[in-house]
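Both counts, for ligands and for their atoms, begin at 1 and track the order of listing.
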Amino acid sequence: MTQAPDDAEARRAVAPVICYPNDSLPVPDLALYAKALAGADMVDVAIAEPRDACTFRVPAGAFFRIVSIEGPQVGDLNLWNAHDLSERFYSGKTRALHGTHVTTGERLWSSFPTLRPMATIVEDSLGWYGIDAFGGSVHDVIGTRCDPYTGNLLSRVQYHHCCHSNLTRALAAATGLSLTEAERHVHDVLNVFMCTGFTRDTGQYFMKASPVRPGDHLTFFAEIDLLGALSACPGGDCSAEHTSDLAACYPLRVEVLQPAAGALEGWVAPRVNGYDRSHGA
Ligand SMILES: [Zn+2]
């Protein structure tokens, strides 16, 4: 332990400032989205089976909804530009812009150099949860995804149904890429329905039983043409452990909903980021 300076308490007492004040972000027209969603028809359904993943395609201007159907279950979500897999969901920047957990009105942002909203959350049936006494909340952008490499590092296991592998298999099947090629496109996820936080004493990432129940759902508006992949995490409700077959696991349903023609009058798909990419050279 190092020796604290005389003014340690004064230094600790300095008030924090928000790194990225987000009041200058473009504001999504949630009323327009809600109206379009109310008249939308379900045009496709995909099921992520327990300890496995599914893919789905959502055209720009449509919605997708992730639904808990049989029991409490956490899902790991990847999103790509349907026409260019190099544009993908950027969990870290989404966290920097919106915070550790996301809910209605917040957006999933894409990687550099596009950095634009890929999807906007328009409904969150767990929006009531807020932040609990442990500092936990739902739908996090802090956990990366369960993966067999960390499992091997910590427990020397060869486990093949972590979300990372589930997403890799699903993307390979959807695109015709080899597993090796597909794996490179799998990225840090949105942990749908997962309840997480950081411990106050050690700052460690924690999880706890998800408050999700069958019927709960999280609905997104697709701002660009999307290819999505959703894994039903082997952790189930993530109350105890993942990277094993011990937890009770349930499927998750993904619904794709198409609004009526003309329902999005005035909506314009987001353009790619405006930085000129000259990097000072
Ligand atoms: Zn997982």
Q | Heavy-atom side-chain proximity of L167 to V189 below 4.5 angstrom | A | yes
Q) When the ring centroid of F89 is compared with that of W80, is the distance short of 6.0 Å? A) no
Which pairs would a plain distance check flag for residues 58-73, meaning a side-chain donor or acceptor within less than 3.5 Å of a matching protein atom at least two apart in sequence or in another chain?
from, atom 1, to, atom 2, distance (Å)
R65, NE, E123, OE1, 3.4
R65, NE, T219, OG1, 3.0
R65, NH2, E123, OE1, 3.1
S68, OG, G71, O, 3.4
S68, OG, R213, O, 3.4
Q73, OE1, Y250, N, 2.8
Q73, NE2, C233, O, 2.9

Q. Can you tell if the side chain of W267 reaches within under 4.5 Å of the side chain of E265, non-hydrogen atoms only?
A. no
(Q) If you define the side chain from C-beta out and look only at heavy atoms, does anything of L108 sit under 4.5 Å from E223? (A) no
Q. What protein atoms of element N, O or S are positioned under 2.8 Å from the Zn ion (ligand 1)?
A. C146 SG, C163 SG, C233 SG
Q: Check step by step if side chain to side chain contact (heavy atoms under 4.5 Å, CB included) holds for V74 and V192.
A: CA-CA 6 Å; V74 161; V192 178; over 6 Å; no
